[in-house]
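Remember, it's a predicted structure, so these values are computed and weren't measured experimentally. All heavy atoms count here, side chains included; hydrogens, waters and symmetry mates do not.
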Amino acid sequence: MFQQIWAFSEIKKANQEAAEPAKIECEAAYLAWRQAPTPRPPELRQAWDQARAALKEARAKPRQNTGPASQKRYLDCLSAALGGAVTERLITQNWAKLVVLPKYERPQPLVWTDERVARWRETGEKPGPVMVWIPEQTGQFLDAAVNHPMYIMWHLMVYRAPRRGEATGLSWTELDLTNGVAHVSGQLVTDSNYNMWQDTPKSRSGRRAIALDYATLALLTAWRDVQKAQRVEWEEKHRQDPTKYGPHVDYGYVYTRPDGRPHNPQNVSQALWRFIQRIGLPPVRLHDLRHCAASLSLAAGLSMKAIQALLGHSSYQLTADTYTSLLPQFEQAAANAPLDLVPRRNGVEKPTDEQALAAKAHPMQLPAPVHDEEGIEQGATTASVDEETSDRHLRVVRPAPRDEALGAA
């Protein structure tokens, strides 16, 4: 069984490598069409369409590798079944115990420090597979993405840590705007061919209630009105040109396209990757936004148990093992704490905050935010309807304290 898994993984690896040239060719064809003066030559659009079709065909082949973590879960399940058969004397030996799998260690999140960012800009290599932004980088990302069609979804993921399938599968019926709570009861799941379906959460602990912060609650309230306006606009376009604009379908999801369809989780990941490239921030995966939320919550003083409930982890140990390292400023405070306990006559004087800031020789420089929304769905291979994005800029004002509000009244 596992020999077949390993052999098939080699085939999928080859398919993944073969899809890279098709991806590069598609991006080049799109860039040539995008930069051409208007009216754009039709042959450039035709070349882009052909490149997209070739990329879709290349991506239709199995490319998702069965990694060590999945193999371990398969082996644990099989070993438990065979162990039960041994206990009931149906077989004489649990042969699954003889299988030796590749060693697997859960990757630890690493923080994008200034030194790691400088090295990444020089070499283009990520320090690890799981990377986390510091608060300043997270703020620059949100500021740059404020006009992006997926901004409100990303805002929710940065602060309240739903998985991508839980975010895309969130429905209005499970969102309590009165009390500020989102109930996670389902998720959208997709395969390598972009097929999408509704499923239950990843585990029993994944069914949870997430309290919404005031900013996310305000954005979702405003987005509900924007979504209703998009529906009216789309239905009018459908009446005028039904061949180009299909009928609007109300699927009931919170985050939808203008025609009412939910976002494919893979498209959301691709959109984030393209947007991060565009604004020049160090790369993170869409799933890493959960790690950003956990790090921010940990830095804000939340207990590990509260973070476990926020993330929907099945065990406390999983959360603690994943987030053993804090943000750099808190690691520095922990390193300085023992120095204050030892009295010294000739010790080094502790620098002030101003001196500590001045000691930074090379502060990280990032390009100005880019609000380019065009081409957001160019990488999606299943989009069948032209989409239009909203330019509405949603601003959030923190509510005044209750005493001040009563005084003003």
Side-chain angles (χ1 to χ4, degrees), residues 4-67 70 124-126 129 148-150 153 164-165 168 188-197 241 243-246 255-259 261-280 283-287 370 372-389:
Q4 292 182 16
I5 290 177
W6 299 332
F8 193 33
S9 294
E10 293 297 324
I11 297 175
K12 289 187 284 189
K13 181 180 179 181
N15 293 339
Q16 189 174 16
E17 293 175 351
E20 283 302 315
K23 177 183 175 182
I24 295 174
E25 184 177 350
C26 183
E27 291 176 349
Y30 168 75
L31 191 62
W33 174 83
R34 182 73 179 83
Q35 295 179 346
T38 55
R40 297 185 177 97
E43 56 268 19
L44 292 181
R45 179 66 191 221
Q46 184 179 3
W48 180 29
D49 292 339
Q50 292 176 351
R52 290 178 62 187
L55 179 60
K56 181 178 180 180
E57 182 180 357
R59 285 179 169 174
K61 299 178 181 178
R63 295 177 295 115
Q64 181 109 19
N65 202 0
T66 305
S70 298
E125 297 179 358
K126 290 175 58 177
H148 195 282
M150 297 184 184
M153 185 193 306
R164 72 172 189 177
T168 54
L188 290 179
V189 183
T190 181
D191 59 17
S192 58
N193 294 328
Y194 285 82
N195 299 315
M196 184 172 59
W197 63 92
D241 190 356
T243 58
K244 182 178 181 180
Y245 299 96
Y255 303 108
T256 58
R257 303 178 182 188
D259 64 349
R261 292 181 298 159
H263 292 283
N264 190 298
Q266 291 196 45
N267 291 348
V268 180
S269 296
Q270 293 173 9
L272 178 72
W273 177 78
R274 289 194 297 270
F275 184 76
I276 292 175
Q277 276 193 321
R278 205 175 304 149
I279 64 177
V284 299
R285 305 169 306 163
L286 182 65
H287 190 77
V370 177
D372 182 11
E373 301 177 25
E374 193 165 355
I376 181 61
E377 294 292 342
Q378 59 151 326
T381 59
T382 58
S384 59
V385 181
D386 292 341
E387 298 188 21
E388 296 183 5
T389 59

How far does [atom1] of [X] sit from [atom2] of [Y], to the nearest 0.5 angstrom?
X      : Y      : atom1 : atom2 : result
Asn264 : Gln270 : CG    : CD    : 8.0 Å
His148 : Ile279 : NE2   : CD1   : 9.5 Å
Gln16  : Arg59  : CD    : CZ    : 10.5 Å
Glu27  : Lys23  : CD    : NZ    : 5.5 Å
Cys26  : Leu31  : SG    : CG    : 11.0 Å
Thr256 : His263 : OG1   : NE2   : 6.5 Å

Do any N or O atoms from the side chain of [X] and from the backbone of [Y] form a donor-acceptor pair under 3.5 angstrom?
X      : Y      : result
Thr190 : Asn195 : yes
Asn15  : Lys61  : no
Ser70  : Thr66  : no
Glu25  : Trp48  : no

Over all atoms of both residues, closest heavy-atom pair of Leu286 and Arg164: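 Minimum heavy-atom separation between Leu286 and Arg164: CD2-CB, 3.5 Å.
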
Closest non-hydrogen atom pair between Lys126 and Pro129, with its separation: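 That would be NZ-O, 3.6 Å.
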
message: Please determine whether side chain to side chain contact (heavy atoms under 4.5 Å, CB included) holds for the pair Ile276 and Leu272, giving the CA-CA distance in whole Å, both sets of side-chain angles, and the decisive distance to 0.1 Å.
response: CA-CA 6 Å; Ile276 292 175; Leu272 178 72; 3.8 Å; yes

message: Assess the residue pair Met153 and Thr168 against the criterion (side chain to side chain contact (heavy atoms under 4.5 Å, CB included)); give the C-alpha distance rounded to whole Å, side-chain angles, the decisive distance to 0.1 Å, and a yes or no.
response: CA-CA 8 Å; Met153 185 193 306; Thr168 54; 4.0 Å; yes

- prompt: How about Phe8 and Pro62: do any of their side-chain heavy atoms sit closer than 4.5 Å?
  reply: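 Side chain of Phe8 against side chain of Pro62, heavy atoms only: contact under 4.5 Å found.
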
- request: For residues Met196 and Pro262, determine if any side-chain heavy atom of one lies less than 4.5 Å from a side-chain heavy atom of the other.
  value: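 Of all side-chain heavy-atom pairs linking Pro262 with Met196, at least one is under 4.5 Å.
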
- prompt: Do we see a donor-acceptor contact under 3.5 Å between the side chains of Ser269 and Asn267?
  reply: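 No, no side-chain donor-acceptor contact under 3.5 Å.
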
Over 12 non-hydrogen atoms of neighbours within 6.0 angstrom of CD in Gln4: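 12 or below, so no.
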
message: So that I can tick it off, tell me whether Asp259 and Arg257 are bridged by a salt bridge, with the cut-off set at under 4.0 angstrom between side-chain N and carboxylate O.
response: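 Between Asp259 and Arg257 there is no salt bridge, as every charged N stays at least 4.0 Å from the carboxylate O atoms.
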
task: May I ask you to check if Arg285 and Trp273 form a cation-pi contact, with NZ or CZ under 6.0 angstrom from the six-membered ring centre and within 45° of the axis?
output: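 No, Arg285 and Trp273 do not form such a contact.
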
